[in-house]
Amino acid sequence: MNLEELTGLPPGATDHFRGEGIEELYPPQAEAVEAGATDGENLVAAVPTASGKTMIAALSMLSAVQRGGKALYIVPLRALASEKKEEFEAYEEFGVTTGVTTGNYESTDDWLATKDIIVATSEKVDSLVRNGADWLSELTCVVSDEVHLIDDRNRGPTLEVTLAKLRQLNPGMQVVALSATVGNADEIADWLDAALVDTDWRPIDLQMGVHYGNALNFDDGSTREVPVEGSEKQEAALVRDILQEGGSSLVFVNSRRNAEGAAKRLGQVSSREITEDERAELADLADDIRDDSDTETSADLADCVERGAAFHHAGLSSTQRSLVEDAFRDRLLKVISATPTLAAGVNTPARRVIVRDWRRFDPSAGGMAPLDVLEVHQMMGRAGRPGLDPYGEAVLLAKSHDESEELFDRYIWADPEPVRSKLAAEPALRTHVLATIASGFARTRGGLLEFLEATLYASQSSEAGRLESVTDDVLDYLERNDFIEREAPRASGRSSGSPRERERDSSGDEADGSNDGPFTSAADLAEQQAAKREETLEATSLGHTVSRLYLDPMSAAEIVHGLERADERPTALGLYQLVSRTPDMYELYLRSGEDEQFGELFYEREAELLGDAPSEYEEDRFEDWLAALKTGKLLEDWAEETEEETITDRYKIGPGDLRGKVDTAEWLLGAAESLAAEIDSEWTVAVREARARVEHGVGEELLELVSVGGVGRKRARRLHDAGIEEPADLRTADKGVVLSVLKGEKTAENILENAGREDPSMDGVEPAGIDVDGADTGDSNSGDKAAAAQTESDDSQSSLGDF
DNA sequence: TGAAGTTTTTTATAGACAGCATGTC
DNA sequence: CTATAAAAAACTTCA
C-alpha cells in the first residue's frame, strides 16, 4: 500500500512521513489499515519487534486526532516514553502536539488537556484514572504498546485493569494493542473486540541459528564457519567474526556479574578492531562515565568502554545506561553484554545478537529455569537494523550436539507462550479492587464483579467462582484495615438499593430470572446471592488517600500500624526500616553472613524500630525484617552523607540501585507523610524530615542549605564546615570564604544569587584560605578532607554498627 | 619452607513503576 | 531437581 492511498490523516502528515524516507507501508501496516486502523476500529497487532509497530500506532492516533479526537499512547517503561516523545514531537510541524507524563516527568492536568497525543506509562495512566483526570473522557484512541506484558506478574494487572477502565469510561473509544508475536493474540483480540493482525513478517531478514563447535547453523539450513581459536569463548569468536565485517553485536547473559565479566573479555576482541579516531572518542565517553559516578562499577564500565565494549544492566545509573545505548547506536561501541534489561528497553539493534545464557536462576523453580520462548524471541528480535544492516543474525550457543538440537526445538522452531492474565494474584487484586471502589467505578459488590468480568482474566478463566472468592478475601482484608466500608442491603432483598447504584442495577441481576425452580431452597439461595451482590462498598477517607497515593494497600497498612505504635518520636532509621518492609520497596536480600551482622545491629537499635519484630524463631519473617533493616540502614547511611562509593561497596550494589532505593524511599516517605496527616499522627514532622534527608542525602543540620538552588549534599557540607549554616548566612558571608569553599566563580555566583544575595558578583574576589573561618565547629578541615577521612574510616566493611 | 601453580569447593544469581513539587557535583 | 563463573580454599609442585 502506498502512502498516497491513506485517507483521514492530518494534512501534512503524508509529507512528513515521506520526508522520513517512507514511501510505502510495510505489509503488516497495510493490513492494519485495511482492518480499520485509520477508521477508528479496534485492532490487535501482533508483529515482531522493529516491524513498524509504531507506524501503526501513529496512523491510528493521527487519524483519530484529525477527526477531532485525542489519543493516548501507553508504554511500559519511562525510557520508552521519552523515546516516543521524541518521535511524536516531530508531528508538531503539521500541528499535532504531544505531551508526556510519567512519574518523574513534569506534567499538570491542564497542560496535558491541551495536547493531541499523550504518552504515559501504564502506572501513570492508572493513577490518572484513579484521580479522575478530566481529559481522560475526551480520549478517542488508546494505543497500548507491548501489550503482552499483561502476562507480567508484577505489572501486568495494572495494564489490564487500566485498559478495562478506559474502555468502560469511553465506550466508543478505539483501542489499538501492539504486541510481540505471542501464542494467543486471538484471545487478546477477542477480549478487546478487535480485529487481529498476526504476522511474523520482518522488514529485514532475520536468521536464527545455533553455534556449536566451529560452525554456526542457521534455521534455513545454511552454515557458516566460525572457528573458536585457542582458549577463547564461543561468544568471543562470534563477536570477532561479525566485527571483521563491520557489524556490532549484542550478547545477552543471565546475571550482572556475567555481563561485566563478558564485557571485560570482549573488550580484548573489540579493541583490536577500532580506529585511532574511535579510540579518542571512546576515551571521552569513558571520562563521561567516570564523571557520572565514582564507584567501582563506573570505573569497570569506563575501562571496558575504552576498548569498545560495554556491559549494561540495572545497576548502572540511568545516565550511564543512555550513554552506553547511544554510543552503541552510533556504532562507536562494538559490543554490549547485557542482562535482559536491554531486550525490553529502548531500541538498540545490532547486526548479530548472541543469546549466551538461556537459563536463569529462579528461586521458585528451585534452580535454573529456561527462559520463556517469548523472552528469547524478544532478544533475538534486536538483530538487524532496518535500512542499515543487510540482515540480522540471532545466535544461541550450544556446548554439545544434543544441546544444539534442544535449542532448535525449544526456541527456534517453537511458538511463543500464550499471554495469561495474572490479575487473580492477591497483591494485584487488593490494589485494584481498592482503586476501583475508591474511584467510584464500582459501588456495590455486584458492580465490582461486573467490572472484573470485563478484564482479560475473566475471559480466560475457566474456573468458575475463583475470581469471586479471591475478591471476597480481598474485600475482607480491605475492610479489616479500615480502607473500605461494607454495608449489607436492607433485608427485603429485591429493593432497588440506594439511588446512586440504580444505574448498575439493570445489568447486575441478569442471572436471576432462570432460578424460579420448584425448590424454594434454590430460590432462597439465589435471593441470598442477589442480596450479597447488592452489598454496598465505599472507600473510607483513609482508603481514598491510599488509592490516590498509588500505594499497595498492604504497604499503607504497614505504615499506618507502624506510626500508630510509635510512642516516641520515631528516628530516621526507624522510619527507613518501616518503609523498607512494605511490599512497595524492592527487596535487598541478605547475603550469607549478613544475617548475623544485621542481627547484631538489630539488637543494638531495636528500640528505634516501629512495631513489633517477628520472633526470631519464625525464620522467614525474621529474615525479612532484617532485610528491611539492611535497606533502612542503607538509607540512613545515605542520609548521613556517606560517600556513594562507600555505600555501593558496602552493600555490593551498583550506583543505579542506590538511586533506585533512594527514589523509592523518597516516594514512600512522601506517602507516609500524607498517611500520618490522615490518621492525625503526631509524627508528621518527623516523617517529613526523614523524607527530606533521604531526598538530599544530608544530615538534619543541612536541610536548609540544600534548599538553595545549586547546593547539594557535598557543597552543603562544605559550606556548613566553613561556618555557613543556613541560606541567610550566604547573603552575609565573606565572599572569599564562599569562593574558596565552592571552587569555581560561576558556581559561587550562581549559588549566591539563588540564595537571594544582592551582589552575587565574584569579580576580583580572592579565595580565602579555608581554615580562616572554621571557628564555628573548631574544625578546620575542608570539606574535602572531611569526606576523605570519612571514606577511610569506613573502609572496614566488617563492622557496620560502629559509627 | 614458601612462593607459585593447579584443582576442588563454595558462593551467588534480572528487572524498576508510582505522589508531589522542583532542580546535583 | 537443573548451570556457570568467579572467588576462596585446598592441595601440589618445585626451588
Side-chain angles (χ1 to χ4, degrees), chain A residues 75-79 81 101-104 106-108 120-128 130-131 149 152-155 158-159 233 252-262 264-265 291-294 312-315 318-319 338-345 356-363 365-371 375 399 403 431 545-552 555 584-586 589 591-593 644 652 656-657 659-661 663-664 666-675 691 695-697 706-716 718 742-744 747 751 754 783:
Chain A
V75 291
L77 295 170
R78 290 202 288 240
T101 175
T102 66
N104 52 2
E106 164 180 14
S107 66
T108 60
T121 55
S122 41
E123 282 78 7
K124 185 66 186 193
V125 178
D126 186 25
S127 165
L128 289 166
R130 293 183 190 197
N131 297 314
L149 288 172
D152 184 281
R153 187 158 293 283
N154 299 315
R155 300 179 52 206
T158 303
L159 178 57
K233 307 241 173 189
F252 284 106
V253 298
N254 65 1
S255 76
R256 293 180 179 190
R257 210 174 56 179
N258 286 343
E260 294 182 18
K264 216 169 286 175
R265 282 193 305 275
D291 282 351
D292 178 61
S293 148
D294 50 2
H312 186 286
H313 58 62
S318 54
T319 322
T339 53
T341 357
L342 208 58
R356 194 192 76 177
D357 300 337
W358 54 279
R359 276 189 270 239
R360 175 172 54 218
F361 182 79
D362 177 3
M368 301 304 282
L371 298 181
E375 227 171 330
K399 273 169 215 61
E403 192 182 358
T431 306
T545 304
V546 171
S547 174
R548 183 174 49 80
L549 291 172
Y550 210 78
L551 282 177
D552 182 334
S555 298
D584 277 314
M585 180 70 93
Y586 199 72
Y589 289 106
R591 289 159 189 274
S592 68
E644 191 184 354
K652 301 214 170 56
D657 300 300
R659 284 257 48 109
K661 281 278 166 306
D663 272 0
T664 311
E666 214 181 300
W667 166 57
L668 284 171
L669 286 163
E673 193 185 327
S674 303
L675 289 175
R691 189 195 68 87
E695 181 180 349
H696 301 287
V706 288
S707 67
V708 176
V711 180
R713 64 198 305 242
K714 299 212 163 154
R715 287 175 184 169
R718 291 152 60 107
L742 293 175
K743 318 262 155 78
T747 323
I751 288 173
N754 290 338

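So you know, we letter chains A, B, ... as the sequences are listed, proteins then strands, and number each from 1.
- Of the candidate nucleotides B/dA12, B/dG15, C/dA5, B/dA12 has the atom nearest to the side chain of A/R591.
- Candidate nucleotides C/dA5, B/dT13, B/dA18 were compared by shortest atom distance to the side chain of A/F361, and B/dT13 ranks first.
- Separating the CD atom of A/E666 from the P atom of B/dC17 is a distance of 15 Å, rounded to the nearest angstrom.
- Nucleic acid contact class of A/D126 (heavy atoms, under 4.0 Å, all strands): none.
- Under 4.0 angstrom from either OP1 or OP2 of B/dA21 there lies no side-chain N or O belonging to A/R691.
- In this model, the phosphate group of C/dA3 is not approached by any side-chain N or O of A/K399 to a distance below 4.0 Å at OP1 or OP2.
- As judged by a 4.0 angstrom heavy-atom cut-off over every strand, A/T102 is placed among residues touching the sugar-phosphate backbone only.
- Place A/G660 and A/T339 on DNA chain B by their nearest nucleotides, and A/T339 ends up nearer the 5' end.
- Contact annotation: the side chain of A/V546 approaches that of A/L675 to within less than 4.5 Å [non-hydrogen atoms, C-beta and beyond].
- Note: CG (A/D362) to P (C/dC1) measures 14 Å, nearest angstrom.
- Remark: B/dA18 base-pairs with no nucleotide in the shown strands. Criterion, Watson-Crick or G-U wobble with two distances under 3.5 Å.
- Using a 4.5 Å heavy-atom threshold, the side chains of A/Y550 and A/T158 count as touching.
- Nucleotides B/dT13 and C/dT2 place their C1' atoms 14 Å apart, quoted to the nearest Å.
- Between A/E695 and A/R691, at least one side-chain nitrogen of the basic residue sits less than 4.0 Å from a carboxylate oxygen of the acidic one, meeting the salt-bridge criterion.
- Nearest nucleotide to the side chain of A/D584, out of B/dG15, C/dA5, B/dA18: B/dA18.
- A donor and an acceptor atom never sit less than 3.5 Å apart when one is taken from the side chain of A/R257 and the other from the base of C/dA6.
- You'll find the side chain of A/L551 reaches within 4.5 Å of the side chain of A/L668, heavy atoms only.
- Of the candidates B/dC17, B/dA14, C/dA6, B/dA14 carries the atom nearest the A/R360 side chain, counting heavy atoms from C-beta on.
- Within the 4.0 Å cut-off from OP1 or OP2 of C/dA5, not a single side-chain nitrogen or oxygen of A/S255 is found.
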### Query
Under the side-chain contact (heavy atoms from CB on, under 4.5 Å) criterion, do A/F252 and A/E375 qualify, and how do the steps go?
CA-CA 11 Å; A/F252 284 106; A/E375 227 171 330; over 6 Å; no

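- If you measure from atom CG of A/D294 to atom C1' of B/dT24, you get 13 Å, rounded to the nearest angstrom.
- Backbone-only contact: A/L77 has heavy atoms under 4.0 Å from sugar-phosphate atoms and none from a base.
- Closest approach to the A/K124 side chain among B/dA14, B/dC17, B/dG19 is made by B/dG19 (side chain taken as heavy atoms from C-beta onward).
- Taking the side chain as every heavy atom from C-beta outward, A/R155 and A/L149 never approach each other to under 4.5 Å.
- B/dA18 atom C1' lies 15 Å from atom CG of A/L159, rounded to whole Å.
- Atom P of nucleotide C/dT4 and atom NZ of A/K233 are separated by 10 Å, given to the nearest angstrom.
- The shortest heavy-atom contact between A/V706 and A/R713 is CG1-N, 4.4 Å.
- A straight line from CG of A/N754 to P of B/dG23 spans 9 Å, rounded to a whole angstrom.
- Base-pair partner of C/dC1: not found among the strands shown (Watson-Crick or G-U wobble, both distances under 3.5 Å).
- For the pair A/D126 and A/R130, the salt-bridge criterion is met [side-chain N within less than 4.0 Å of a carboxylate O].
- A/D663 places its CG atom 13 Å from the P atom of B/dG19, with the value rounded to the nearest Å.
- Heavy atoms of A/G367 sit under 4.0 angstrom from at least one base atom.
- For the P atom pair drawn from C/dA3 and B/dG15, the interatomic distance equals 22 Å after rounding to whole Å.
- Among the atoms of the strands shown, base atoms are found under 4.0 Å from some heavy atom of A/A365.
- For the pair A/K652 and B/dA12, the criterion of a side-chain N or O lying under 4.0 Å from OP1 or OP2 is not met.
- For B/dT7, the paired nucleotide is C/dA9, the pair qualifying as Watson-Crick or G-U wobble because both relevant distances are below 3.5 Å.
- In a base pair of the Watson-Crick type (N1 to N3 plus N6-O4 or O6-N4) or a G-U wobble (N1-O2 and O6-N3), with each distance short of 3.5 Å, C/dC14 is matched with B/dG2.
- Here A/R130 lies out of heavy-atom contact (under 4.0 Å) with every strand.
- Of the candidates B/dA14, C/dA6, B/dA18, B/dA14 carries the atom nearest the A/R256 side chain, counting heavy atoms from C-beta on.
- Each of A/R713 and A/M368 was matched to the nucleotide of DNA chain B holding its nearest heavy atom; the match closer to the 5' end belongs to A/M368.
- In this structure, A/E673 reaches neither bases nor backbone, as no heavy-atom distance under 4.0 Å exists between it and the strands shown.
- Regarding contacts with the backbone of B/dC17, every side-chain N or O of A/S122 stays at 4.0 angstrom or more from both OP1 and OP2.
- Remark: C1' of B/dC20 and CG of A/N104 are 12 Å apart, rounded to the nearest angstrom.
- At a threshold of 4.0 angstrom between heavy atoms, the contacts of A/K661 with the nucleic acid are absent.
- Taking the P atom of each, C/dC1 and B/dC20 are spaced 47 Å apart, rounded to whole Å.
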